[in-house]
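Letters A, B, ... are given to chains in the order of the sequence lines, protein chains preceding strands, and every chain is numbered from 1.
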2 protein chains.
Amino acid sequence: MSPSSATGAGSPAGPGPAASADTGRVTGRSLAKASRRAALLSAAAKLFAERGFNGVSIEDLGSAAGVSGPAVYRHFSSKHAVLSALLTGVSQDLLDGGQAVVENSPGPEEALRGLIEFQVDFALRNPDVIRVHDRDLDSLPPEDSQAVRALQRAYVEVWVAVLSRVLPGQEPARLRVRAHAAFGLINSTPHITHRGKPVRDKIWRRNLLEQMAWAALKAE
Amino acid sequence: MSPSSATGAGSPAGPGPAASADTGRVTGRSLAKASRRAALLSAAAKLFAERGFNGVSIEDLGSAAGVSGPAVYRHFSSKHAVLSALLTGVSQDLLDGGQAVVENSPGPEEALRGLIEFQVDFALRNPDVIRVHDRDLDSLPPEDSQAVRALQRAYVEVWVAVLSRVLPGQEPARLRVRAHAAFGLINSTPHITHRGKPVRDKIWRRNLLEQMAWAALKAE
DNA sequence: AATTCAGGTTAGTGCTCGTTAACCGAATTG
DNA sequence: CAATTCGGTTAACGAGCACTAACCTGAATT
């Protein structure tokens, strides 16, 4: 429930042993398995955010999800695969969500507003995943991180495309810096959240971040 | 040379074995030692930024500084002590620099401009240290990280004090969120810098970040 | 009801890595 | 010029950990 795509987008993303002999049949076991997988990803988000990828052992991960140790390998082929599934899921969610926002917007200004609201909402709702993303992406083997980076780049390009219509005539390189700066601004909240204690979702925080992001993006 | 306070602020900060029998005498050996220590901190900044604290071994660290393995323990009491010295140094530099900027400013508006320029300059010059700071601060044992966090908090308060004069009547909590958001915006550049390749210091990037930060901080 | 199979368990296994031990040679010191 | 300190070396130790092996049990299948 807490991590966005723990079950949904995660399943096709993770090429774990779970995909073997998938008959499509909905049995009691398959449900239990899906929920285990979701619990593992949720625990991974929390633990990786707290201690970093290398600071969490497979044993930690399993026991946080109610099983212990090597049972994790019934759901993921390796420890890296857990991180990969987590980051791929979140990146895919962001890309899908961003594209949907733009498609449902009547014009560029509304699209930019929508993107800002979407990103702020996401950052405030999933601080753990945000933190893992820009902390441990480099902990992945190159081939895995490339997939995540590709999704991430595509998401940035969604923003750049909108920005190029809001600020016509600006070079793409400048717009890309603008987009990254906005992400940094919006994603700054996980740095405030004191480890472990969830920050109450004050409305004024959401509004303040949106206004600052808007002002920064339209500056000059 | 590249990390700001490798030798200067690091010496009183790191309670390593180097402090023993410090006669103040400037001998050939002590100079060599200081430069070794600086080289170690510089290598640490680079390596920790690339692979994360837990992804770098003592052997890696030593050999990157021209010595190999356990020689590191002649300069630091532990691997954590290296990270601690690095982060303490940079946090102290930021605090000192920020205070100096404010003291030399005629008014709050100029002080805020000065702080922004200072932070942008620092972030563009030391992307490695920035990255290590908000990635591996939690890798420290609690007692060490508290010292760094105290310096960090003090630096934030310098910003908040200035902001409270630029935006009178705003609650401190709101100003603190503003300050953190500005840091996130300004420090976003390390996320663009592609691992290993140094980003050319384009002037427009510096100006753009300053304008965005200014607009964001004065928004609403 | 018999059989298969998938998801769980508890023991290893081999490797990495932080740290210490023991020793060495040169710069510093008296 | 002897004595000593100190920064460096290589060797070894011990812990932690990702991953594998062997086995067990109960749901799914026929």
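Atom CG of A:L31 and atom P of C:dA6 are 17 Å apart (whole Å). Rounded to whole Å, the distance from OH on A:Y73 to C1' on D:dA22 is 17 Å. One can place CD of A:E59 at 12 Å from P of C:dA11, the figure rounded to the nearest angstrom. Here the P atom of nucleotide D:dA18 and the NE2 atom of A:H80 are 10 Å apart, to the nearest Å. Rounded to an integer number of Å, the gap from B:R74 CZ to C:dT19 C1' is 12 Å. Distance CZ (B:F76) to P (C:dG18): 15 Å, rounded to an integer number of Å. Between the C1' atom of D:dA18 and the CG atom of A:L61 lies a distance of 12 Å, rounded to the nearest Å. If you take CZ of B:R51 and P of C:dT16, they are 14 Å apart, rounded to a whole angstrom.
Phosphate contact (OP1/OP2 of D:dG8, side-chain N/O of B:R36, threshold under 4.0 Å): present. Checking the phosphate oxygens (OP1, OP2) of C:dG8, a side-chain nitrogen or oxygen of A:H75 falls inside 4.0 Å.
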Tabulate atom names and distances for all N/O pairs under 3.5 angstrom spanning the protein and nucleotides 11-15 of chain D.
none

Assess whether side chain to side chain donor-acceptor pair (under 3.5 Å) is satisfied between B:Q119 and B:Y155, documenting all intermediate values. CA-CA 11 Å; B:Q119 180 74 28; B:Y155 183 58; 2.6 Å; yes

Under the side chain to side chain contact (heavy atoms under 4.5 Å, CB included) rule, what do A:R36 and A:R74 come out as? Steps first, then yes or no, please. CA-CA 10 Å; A:R36 232 347 104 70; A:R74 300 294 175 189; over 6 Å; no

Could you walk me through whether B:R131 and B:D136 pass salt bridge (Lys or Arg N to Asp or Glu O under 4.0 Å), step by step? CA-CA 8 Å; B:R131 180 152 180 79; B:D136 282 318; over 6 Å; no

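Classified by interplanar angle (parallel below 30°, tilted 30° to 60°, perpendicular above 60°), the ring pair A:F53/A:H80 is parallel.
Of the candidate nucleotides C:dG7, C:dG8, D:dT9, D:dT9 has the atom nearest to the side chain of B:A71. If you check C:dT28, C:dT9, D:dA28 against the side chain of B:T27, the one that comes closest is C:dT28. The nucleotide whose nearest atom lies closest to any side-chain atom of A:I58 is, among C:dA27, D:dA18, C:dG18, D:dA18.
Nucleic acid contact for A:V72: none, since no nucleic acid atom lies under 4.0 Å from a heavy atom of the residue.
In terms of position on DNA chain C, the residue among B:K79 and A:S30 whose nearest nucleotide sits closer to the 5' end is A:S30.
Contact of A:R29 with D:dA28 (side chain to base): no donor-acceptor pair of N or O atoms is detected under 3.5 Å.
Salt bridge annotation for A:R206-A:D121: present, with a cationic side-chain nitrogen under 4.0 angstrom from a carboxylate oxygen.
The CG atom of B:D134 lies 12.0 Å from the CZ atom of B:F183; values are rounded to the nearest 0.5 Å.
Among the candidates A:I116, A:L175, A:V102, the single residue satisfying the side chain to side chain contact (heavy atoms under 4.5 Å, CB included) test with A:W159 is A:I116.
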